[in-house]
Amino acid sequence: MSKNLTSRAQDYSKWYNELVVKADLAENSAVRGCMVIKPYGYAIWEKMQAELDRMFKETGHQNAYFPLFVPKSLFEAEEKNAEGFAKECAVVTHYRLQNDPDNEGKLRVDPEARLEEELVVRPTSEAIIWNTYKNWIQSYRDLPILVNQWANVVRWEMRTRLFLRTAEFLWQEGHTAHATKEEAIQEAELMNTIYAKFAEEFMAIPVIKGVKTESERFAGAVETYCIEALMQDGKALQAGTSHFLGQNFAKAFDVRFANKEGQLDYVWATSWGVSTRLMGALIMTHSDDQGLVLPPNLAPYQVVIVPIYKGQEQLEEISKLAHTIMEDLREMNISVKFDDRDTLRPGAKFAQHELQGVPIRLAIGPKDLKDETIELARRDTLSKRTVLLDRLIIEVRDTLKDMQTALFSKALTFREEHTTEVDTFEDFKSVLESKGGFISAHWDGSAETEQKIKEETKATIRCIPENNSSEKGKCVYSGKPSNQRVLFAKAY
């Protein structure tokens, strides 16, 4: 597995694309804009999925599954949602192929097999879910409904990049129904907090919680809560969103319930989701020119043991010790792999595991057996040290904890150093081009100004930060009065 990565400083985009492929995370498929997630990449996604799923269930949510296809009439029911996703929809019009009489051995769409109603391949599931909820909800006793689904969705993107933007991607989407507005808002805020906790505690990515401006909200939402992260190239990445949908979908699908007073009322709704885009965030936040750097909490295996030997007899001796170490590590809930492949030399194995971001590498040779020591290599700092065998398990445990903390601290320091307050549009443009990162600036609150800044600089308002402090000033673009700063950045 050759490394030879383009450096981040030379071409960040090329570095990212090369790393995803060379680290065996994913590759492009025969379907334009769609990717194959390879076993190593999928193992990271499974770890993310497991932790998020646990957090959802701890807060009372259950998993369900809804159809991939949405009848066009249902998709159109909530106008803002339909309008927001219309240009990205894949549509099924026929249900059968037949032999092509004009081209032997080929197939064509059977013109007699046109669907009575076209089906949209879900870009998101609000429509099919709220049509279903109509049958589930009659009374306040049926509420709340706290449902999540793990699924794939299709958004026909024209410009794609592995993990960050693909025509089909994996995600989870929560869809909840509530008796009151207050309860629904609390739910949307809770899920945004859960996303932030997951990003910081497991991905080691510091995030800023906030709300989107009206023009950046999810189509059909009354309020969109978000978490925003900063990548090493100074661009922001939206790492998760949670939406307070008000009664928009309940009204579109006529989902009403008898409240405690016996009166009919429309249900209040939320939806929230994160996707395999988190894989892109993980790669771009921590990795370096040597390859992937994974936080221990999400690494497919946290430790790899590489034997260094000559002959079968030495391998058997080393293997015996390696299996003892593996048992001890697993008792500490530390995942470990013994790389005893005889098709690669130790140096090639070292390079592969470094490229794939394995947090700790242990090397065992004949001298280590004799001295009762092990070489411990740490991926994030690329440092190596010799550890006494009887201290090894404790050293591994403590090093993994330290790595998780260190990766978060490094990313937080980077974000703090790349968050800049500006008061003039000249400074805004200068910082954006020379330094990048988050720009904290006054905005007059108008969609017109927001759009003009975007057109002139390609920077968008990433969020209005949570608990944003009031501060009188003048809009960085229009000079009109402003009561608070918001965060701008170029973004993925």
Side-chain angles (χ1 to χ4, degrees), residues 12-13 79-88 123 155-161 164-165 192 207-231 233-244 248 277 284 415 417-492:
Y12 192 83
S13 180
E79 291 180 10
K80 286 186 179 178
N81 189 253
E83 185 182 332
F85 287 102
K87 293 180 180 178
E88 299 174 354
R155 296 180 184 175
W156 214 256
E157 301 278 2
M158 300 310 293
R159 292 184 176 182
T160 59
R161 185 182 295 184
L164 293 174
R165 198 172 290 278
N192 201 49
V207 294
I208 293 172
K209 292 163 62 181
V211 295
K212 291 290 189 183
T213 61
E214 185 176 355
S215 63
E216 293 286 332
R217 283 179 197 149
F218 175 77
V222 176
E223 192 79 90
T224 289
Y225 301 85
C226 63
I227 55 171
E228 295 287 328
L230 191 63
M231 304 297 98
D233 63 345
K235 285 187 180 178
L237 187 141
Q238 180 181 283
T241 52
S242 180
H243 316 290
F244 168 55
N248 292 346
R277 165 176 267 236
M284 291 195 292
R415 190 188 77 189
E417 290 175 349
H418 290 80
T419 300
T420 311
E421 280 194 7
V422 302
D423 293 309
T424 70
F425 197 53
E426 287 305 311
D427 286 346
F428 184 102
K429 290 185 288 185
S430 175
V431 170
L432 196 64
E433 293 308 314
S434 64
K435 182 180 177 183
F438 287 124
I439 296 177
S440 176
H442 279 281
W443 164 60
D444 62 21
S446 74
E448 182 185 3
T449 294
E450 185 179 5
Q451 182 61 28
K452 284 181 177 177
I453 292 174
K454 183 177 180 179
E455 288 171 359
E456 292 188 28
T457 67
K458 296 184 179 178
T460 55
I461 298 176
R462 301 316 305 156
C463 71
I464 302 167
E466 184 180 80
N467 302 322
N468 211 18
S469 58
S470 178
E471 177 190 310
K472 290 193 180 296
K474 290 182 179 180
C475 174
V476 74
Y477 185 86
S478 69
K480 293 177 181 177
S482 163
N483 292 319
Q484 63 179 350
R485 292 179 180 270
V486 297
L487 286 182
F488 291 84
K490 290 183 178 179
Y492 284 96

* Asked: Does the side-chain contact (heavy atoms from CB on, under 4.5 Å) test come out yes or no for L164 and L237, once each step is laid out?
  -> CA-CA 9 Å; L164 293 174; L237 187 141; 3.5 Å; yes

* Asked: Does the side chain of S215 pick up a donor-acceptor pair with the side chain of R217 at under 3.5 Å?
  -> no

* **Residue E79 excluded, over 12 heavy atoms near CD under 6.0 Å** => no

* To do: For the residue pair W443 and I461, establish whether any side-chain heavy-atom pair is separated by less than 4.5 Å.
  => yes

* Does E471 CD have over 12 foreign heavy atoms under 6.0 Å away? -> yes

* Check whether any side-chain heavy atom of H442 sits under 4.5 Å from a side-chain heavy atom of K472, and report yes or no. => no

* Asked: Is the shortest heavy-atom distance from the side chain of D423 to the side chain of R485 under 4.5 Å?
  -> yes

* To do: With sequence neighbours excluded, tell me which residues meet salt bridge (Lys or Arg N to Asp or Glu O under 4.0 Å) with E433.
  => K490

* Asked: Distance-only, no hydrogens or angles: does the N81 side chain make a donor-acceptor pair with backbone N or O of G220 under 3.5 Å?
  -> no

* Side chains of F488 and V431: does their closest heavy-atom pair fall under 4.5 Å? -> no

* **Spacing of OG1 belonging to T460 relative to CD belonging to E216, to within rounding of 0.5 Å** => 5.0 Å

* Given side chains that start at C-beta, do those of I208 and R462 come closer than 4.5 Å, heavy atoms only? -> no

* Is a salt bridge present between E417 and K435, judged by a nitrogen-to-oxygen distance below 4.0 Å? -> no

* Asked: For E83, does the CD atom have more than 12 heavy-atom neighbours from other residues, nucleotides or ligands under 6.0 Å away?
  -> no

* Asked: Any side-chain donor-acceptor pair under 3.5 Å between E450 and T213?
  -> yes

